[in-house]
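To keep things clear, I will list the structure first and then write my remarks on it.
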Amino acid sequence: MNGGASDPRNDHLPVVPAWTCETCGGEWPCAPKQRRLLEEYRGERPALAVYLGSCLAAATQDLRGVPERILQRRFTGWLPRQSRSW
């Protein structure tokens, strides 16, 4: 038993400057990483948005040929919307 520690071979980390997933080869954040991030940041959507925003800023520099709207959708467009309670 590993005490709940994740298997580093399945972390789905980004490979930069291409911003692909080192585990599955998909565009990062891949679907498995998106699910994992939602679990890790459960209840802390603003913190997750800040983290992904910093990744988006770095990717914008690395992937200059990709339109910004595409990168925005890829890095933050998948985040669930929160209902506002005023």
Side-chain angles (χ1 to χ4, degrees):
M1 190 125 192
N2 65 9
S6 66
D7 183 347
R9 295 171 295 174
N10 293 318
D11 281 346
H12 294 272
L13 299 173
V15 176
V16 295
W19 290 91
T20 56
C21 175
E22 73 174 2
T23 303
C24 67
E27 290 184 340
W28 195 91
C30 57
K33 185 61 173 185
Q34 290 174 9
R35 286 189 298 274
R36 183 169 288 165
L37 287 169
L38 289 172
E39 290 172 11
E40 290 174 8
Y41 284 86
R42 184 182 12 227
E44 297 296 329
R45 186 184 176 283
L48 177 55
V50 168
Y51 168 66
L52 290 171
S54 68
C55 293
L56 172 59
T60 300
Q61 295 300 308
D62 291 335
L63 303 172
R64 293 183 186 268
V66 180
E68 288 181 29
R69 72 182 183 287
I70 301 296
L71 291 176
Q72 186 279 329
R73 223 177 289 138
R74 175 175 161 184
F75 282 85
T76 60
W78 59 270
L79 287 172
R81 302 277 184 220
Q82 285 184 324
S83 60
R84 292 185 177 162
S85 57
W86 300 94

Rounded to the nearest 0.5 angstrom, the CD-CG distance for E40 and L38 is 9.5 Å

Do the side chains of [Y] and [X] get nearer than 4.5 Å, heavy atoms only?
X: K33; Y: L13; answer: yes
X: P29; Y: H12; answer: no
X: R74; Y: L63; answer: yes
X: F75; Y: T60; answer: no

What are the two closest heavy atoms between R36 and D11, and how far apart are they?
NH1-CA, 3.1 Å

Which residues satisfy the side-chain contact (heavy atoms from CB on, under 4.5 Å) test with V16, sequence neighbours excluded?
W19, D62

Ignoring hydrogens and angles, write down the donor-acceptor pairs under 3.5 Å from the side chains of residues 41-57, residues two or more places apart or on other chains.
{"residue": "R45", "atom": "NE", "partner": "P80", "partner atom": "O", "Å": "2.7"}
{"residue": "S54", "atom": "OG", "partner": "Y51", "partner atom": "O", "Å": "2.6"}

